[in-house]
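Atoms within a ligand are numbered from 1 in the order they appear, just like the ligands themselves. For the single chain, residues carry numbers from 1 onward in sequence order.
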Amino acid sequence: MSEYSIGVDLGGTNLRAAAIDDQGTMLDKIAGSTHLKAGRDAVVSDIVQAIETLRGRLGPRMAGVGVGVPGFILMDQGVIVGSNNLPEFNHYPIRDEIERRLGAKFILENDANAAALGEKWMGAGREVNDLVLLTLGTGVGGGIITGGRVLHGHVGMAGELGHMTVVPNGNPCGCGNAGCLEKHASATAISSMAKLIGLGGDLTSEDVFNLAEKGDSRARAIFESVGEALGIAIATLINVFNFPLYLLSGGPLPAWDYFAPAMLAEIDRRSFTYRNAPTRVDRATLGNEAGLYGAAYLPFSK
Ligand SMILES: [Zn+2]
C-alpha cells in the first residue's frame, strides 16, 4: 500500500478527518462534532482520537497530518489567532501539543488556504500552478496558490481576501474595516440584505436563491449586488496576480447564474489584464471536501 496522510478539517461545529494516499485517493473518512462547549482539551482529544482511529485502520505508513482551521495562523509558532469559531485556541500551542501526543508531524493551515490547495491538487485547479480560491460562507475565505504552493506572506496571514475593501465606507466588519468583501458577498451578507430590503427576516442564502428561481426580482437584485462586489474584488486580484484561474466555492454557488453575469461584467470593466489575457473565473469542484484534500496534501508538499 502506498503512503498516506491524514487531512483534518476543524470547524466551529464539525470535525472531519480523511486518510488520503499520495495519488489523491481517499481511503477512509470520519466525521463528528466539534465539542467546543466541553473545552479546549476535549477538542484536542477529539482531534487526536480521530487521527488515531484512522491510523489504527490504515497502518503505520502515515506521512503526517495536516489540519485546516478557521482563523489567522502564525506559521512559525504553530498557533491560531483571531478565530471567531475557536476563541479558546487563541495563542494555544495546538501544533506542538498534538505533535507531542501523536508522535507525528502535524501541520496547521488556514481552512481556505487548505481548500485552495485541495482544488489545485485534485479539483478544478489541477491543470494550473497558480490560482485564487474564494469561499463564500459565514464570511469569505481566500486562498492563493502560486507555483503550486500556498502563498503565506511573512507570518502566514496572506490571502485574507474576504477583508478586501469593495465598498468604501460600506458595511462595518468585525476586522475593524468597513465595506469588506465578506460583508457584501458572503452567505451571511445575502441573509442580511434579504432582511434589510424586507424580503424576510430569517432567510438563508439558499432561501434567497429559491426566491430568485421563482422570479422574485428583489432576490435577483441581491445576487446582482453580490456579483458586483465579487467582480470588484476579482478584478483587483486579476490585476495584481495575472493568474490563469480564479475559483469560487461555498453555499451560494448554486446561484451562479444569478450573480455571475454581474460579476463578469464588473471584472471585464475593471481589469485590462482580464480583457487581454486568457483568464478563467469558475466554480470550484470539490465542495467541502476541498479542505480535507488540501490538509492531507500538506505533509506531502513539505
Ligand atoms: Zn473585514
Side-chain angles (χ1 to χ4, degrees), residues 10-13 68-75 79-91 108-116 131-145 150-197 204-205 208 222-241 246-253 255 259 262-263 266-267 270-271 281 284 290-291:
L10 177 64
T13 51
V69 296
F72 298 93
I73 315 262
L74 303 180
M75 296 299 289
V79 303
I80 307 165
V81 291
S83 176
N84 292 329
N85 294 326
L86 306 166
E88 284 202 48
F89 283 90
N90 253 327
H91 290 285
L108 274 181
E109 185 55 272
N110 168 270
D111 55 357
N113 287 350
L131 66 87
V132 171
L133 172 71
L134 292 170
T135 61
L136 314 181
T138 311
V140 172
I144 301 163
I145 302 296
V150 173
L151 180 74
H152 283 123
H154 79 108
V155 302
M157 293 184 183
E160 288 295 333
L161 307 177
H163 299 287
M164 295 173 68
T165 302
V166 294
V167 181
N169 306 313
N171 297 332
C173 179
C175 75
N177 187 23
C180 289
L181 176 63
E182 74 172 34
K183 289 292 154 188
H184 295 270
S186 60
T188 312
I190 292 167
S191 299
S192 302
M193 281 187 261
K195 190 173 181 180
L196 195 69
I197 64 172
T204 63
S205 66
V208 180
I222 289 173
F223 286 113
E224 274 174 37
S225 165
V226 166
E228 283 170 13
L230 286 170
I232 290 168
I234 294 170
T236 300
L237 293 168
I238 292 169
N239 291 343
V240 171
F241 290 117
Y246 302 80
L247 294 171
L248 293 166
S249 71
L253 222 58
F259 71 76
M263 175 180 77
E266 205 67 42
I267 295 170
R270 293 178 186 271
S271 176
V281 181

Donor-acceptor under 3.5 Å (N90 side chain, G82 main chain): yes
Interatomic spacing from CG in L133 to CG in L248 - rounded to 0.5 Å: 7.5 Å
N110 side-chain N/O to G71 backbone N/O, donor-acceptor pair under 3.5 Å: yes
Tally of protein N, O or S atoms, where distance to the Zn ion (ligand 1) is under 2.8 Å: 4
Polar side-chain atom of N113 near backbone of V150 as donor-acceptor pair, under 3.5 Å: no
Heavy-atom closest pair, residues S225 and M193: OG-SD, 3.8 Å
Expected output: side-chain S83 to main-chain P70 donor-acceptor under 3.5 Å: yes
